[in-house]
Amino acid sequence: MTDDRKSDRANPYLAHLQNSSSTVNKYTGKPYSERYYELLKVRRALPIYEKRDEFLKLVEENKVVVLVGDTGSGKTTQVPQFLLEYGIREKNKMIVCTQPRRVAAMSVAQRVSEELEVPLGEQVGYTIRFEDVTGPKTILKYATDGMLLREAMSDPQLSRYSSIILDEAHERTLATDILMGLLKTIVRTRDDLKLIIMSATLDAGKFQDYFSRDPEYPLTVPLLNVPGRVYPVEVYYTPEPEKDYLEAAIRTVIQIHANEPLGDILLFLTGEEEIEETCKRLNQDIPLLVKEPKPFRVLPLYSSLPPNAQQRVFEPPPTNGRKIIVATNIAETSLTIDGVVYVIDPGFSKQKIYDPRVRVESLLVSPISKASAKQRAGRAGRTRPGKCFRLFTEQTFKKDLLETTYPEILRSNLANVVLTLKKLGIDDLVHFDFMDPPAPETLMRALELLNYLGALDDEGELTQLGRLMAEFPLDPQLSKMLIVSPQFQCSNEILSIVAMLSVPNCFLRPRDAQKKADAAKARFTHSEGDHLTYLNVYYAYKHNNEDPNWCYQNFLNYRSLKSADNVRSQLEGLMNKLNLPLVSTDFQSGDFYVNIRKALVNGFFMQVAHLESSGYYLTVKDNQVVSLHPSHGLDHKPTWVVYNEFVLTSRKYIRTVTEIKGEWLLQYASHYYDLANFPDGEAKRDLEKLTLKNKKPRKHK
DNA sequence: GAGCACTGC
């Protein structure tokens, strides 16, 4: 503590720091406990602590500071506290620090509240979807980046905050990218705002350039480097490219297990199926190929694994043995497993790509970036020096891998982003200062879609409907459908369907019980459409008191259903707030399901397929030959269907399909089904016939 | 007749 006072005197910028030798907590008025001082000791040993004065001086003198620090530097917990102590918080404004993931926001807030010895939710809190643990006393809050973006929609200057910290900016999530675009302007107009960008090593210069560059208002943006605290990881490459990375990976695991000292192994693969297969192989092969193998436990790890199975990777390894964890990218950023000493990196992951030409997002196994490879290697050095075996050549690493993964904004359908930006008052999207501007075609597709949905008028201005749509945390098609559903007397039902469509698939199909699972699903199936099947499942879940056992017996994913129920409540709250009535058609009425299907058409008229005489479906307008996804529950092949998703795997499939009538397309989406501008084909001829049929009775009237 | 990288609102 003596050291501290000395440095306070030495640095004039710290003149109004609170007296750090005080024994009374200024927030609670209570004397500090022993634990407080223990934590303080740990905090002062963090690498970031040595940079505190330098950091605060930079903040004092600049509006924007880029702080670069690797894992273990302590930046996420300490930097917001530096700003707090420093008194950067002015006029009752708050400090907010964003995180890409909810768990991080929660756990860091918890940690910091302990370090400051205040109850979580009072001076220090967090805000994530479904949960706002903050209060009137809150001066520091952690929030997901998406949540701060939502806040910006009602407070475009983010005027509640005196300091905004964007953490993990190098991950370049959609929300962080949009926030950066907004804040670049806000920070130039608000004199009472400090912006801190925190990032891992790569790309730091890019953030600096981006925030400083402006023809009218250039800024000096200093960069501060903080060393991380990790152990060295030795990297090995293969001398020749591997033909089969799975075989190579299995071989490497076996070699490590046979020859290397104890320490857990982490193998990165691309997906569930590959992981389960590899786990099986390892359990078979290790006893066969290793003489008297040390004890080992093979553990799969991916997001759709039930939480208790995920937790197993944190259990201690078998006595005198090791854990072999076979994981997706989840182990690259979301979950950190201490005790990993060996990382095996084949160099691939599944990545989302968006093709604006066919308007399709799909997942593709692709080579990872250098940044990812480094991040993966770092996972071996958490507790002691480690080794990373890259199953590609050094040449490949240096010459072929991209520096960083393309930011999400370049790989996504931007309909939702465009709606958000419009709501934020950004009129000229084409000239919006994105750090990485998306392809013009992607923006055009998004504008076009929003125009067809009626969210934007022909001048590109947000309509009343568009403003309502932006209130919902949903894709535009879903929010449109929800907003019009009261007109079809089925908002209660559409609310349930939208919730079910917003969560991971609830149907389980374990490989050893596929027939039973299919039989269970058949009991919920509605033959007119999968959307209606989802409604049945949701009803059944509620009627069975949301019972996890009932879910288990019926091969339903309890987590998904619970989450759907949460989403539904949130959406219901928004419907009430926006004065959208919650109504149903009498279940006995023949119109109960008809009305629901009509509402579906109102949101998804652009995702319609027509049954051709060939027996295949053709999507309207873009004429893609598609098949019904084998998971569908229709008992016949309807002439017209709406679909929720276009999936590109071994074939082109449409998934979650419901039968509709061609008349409805003409009735509710005449602007889109304008036959004068419709591509020739069977679909058009069918619609023309319907037009004639509709005209005749009118003439008689 | 097949799948579901990972987040987030």
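We name chains A, B, ... by the order of the sequence lines, and we start the count at 1 in each one.
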Closest nucleotide among B/dC9, B/dG3, B/dC6 to the A/R150 side chain: B/dC9

Figure out the CG/P separation between A/N566 and B/dC9, and round it to whole Å. 12 Å

Output, in order, the C-alpha distance, side-chain angles, deciding distance and verdict of side chain to side chain contact (heavy atoms under 4.5 Å, CB included) for A/E471 and A/L578. CA-CA 9 Å; A/E471 293 285 326; A/L578 301 171; 3.8 Å; yes

Nucleic acid contacts of residues 265-280 of chain A, taken as heavy-atom distances under 4.0 Å to DNA chain B: A/T270, A/G271, A/E272

Any idea which heavy atoms bring A/M500 and A/C506 closest together, and the distance? CE-SG, 3.7 Å

Nearest-angstrom distance from the residue atom CZ of A/R559 to C1' of B/dC4: 12 Å

Figure out the OH/P separation between A/Y302 and B/dT7, and round it to whole Å. 14 Å

When you get a sec, tell me which of B/dA2, B/dC9, B/dC4 is the closest nucleotide to the side chain of A/S304? B/dC4

Can you list the steps and then say if A/E408 with A/Y354 is a side chain to side chain donor-acceptor pair (under 3.5 Å)? CA-CA 10 Å; A/E408 204 184 353; A/Y354 176 64; over 6 Å; no

Do A/K352 and A/S412 have a side chain donor and acceptor closer than 3.5 Å? yes

Would you mind reading off the distance between A/E131 atom CD and B/dG8 atom P, rounded to a whole angstrom? 12 Å

When you match A/S334 and A/S502 each to their closest nucleotide on DNA chain B, which lands nearer the 5' end? A/S334

Does B/dC6 have OP1 or OP2 sitting under 4.0 Å from an N or O in the side chain of A/S349? no

Ion pair present between A/K652 and A/E645, side-chain N to carboxylate O less than 4.0 angstrom? no

Does a nitrogen or oxygen in the side chain of A/Y653 sit under 4.0 Å from OP1 or OP2 of B/dA2? yes

Counting only side-chain N and O atoms of A/S631, is one of them less than 4.0 Å from OP1 or OP2 of B/dA2? no

Pairs meeting criterion salt bridge (charged side-chain N to carboxylate O under 4.0 Å, His left out) with involvement of residues 522-531 of chain A, two or more places apart: A/E528-A/R597

Whole angstrom is fine here: how far is it from CD in A/Q477 over to C1' in B/dC9? 16 Å

For a quick check of understanding: with a heavy-atom distance under 4.0 Å over all strands, which category does A/I330 fall into, base, sugar-phosphate or nothing? sugar-phosphate

Over all strands shown, is A/L174 touching base, sugar-phosphate only, or nothing at heavy-atom distances under 4.0 angstrom? nothing

Atom NZ of A/K423 and atom C1' of B/dC9 are separated, to the nearest Å, by 14 Å

Looking only at side-chain atoms of A/R102, point me to the closest of B/dG1, B/dG8, B/dT7. B/dG8

I'd like to know whether A/R111 forms a side chain to side chain donor-acceptor pair (under 3.5 Å) with A/T77, so could you lay out the CA-CA distance, the side-chain angles of the two residues, the decisive distance to 0.1 Å, and finally the verdict. CA-CA 8 Å; A/R111 172 73 189 188; A/T77 52; over 6 Å; no

Nearest whole Å is fine: how far is B/dG1 C1' from A/D530 CG? 14 Å

Winner on side-chain proximity to A/R509, out of B/dC6, B/dA2, B/dG8, is B/dA2

Residue-phosphate contact under 4.0 Å: A/R655 side-chain N/O, B/dC4 OP1/OP2: yes

Side chains of A/D145 and A/T173 only: does a donor on one sit below 3.5 Å from an acceptor on the other? yes

Side chain of A/R101: nearest nucleotide among B/dC9, B/dC4, B/dG8? B/dG8

How many Å lie between CG on A/L363 and P on B/dC6, as a whole number? 9 Å

With heavy atoms under 4.0 Å as the rule, sort A/T144 into base, sugar-phosphate or nothing. sugar-phosphate

Taking the side chain of A/P630 as heavy atoms from C-beta outward, which of B/dT7, B/dA2, B/dC9 is closest to it? B/dA2

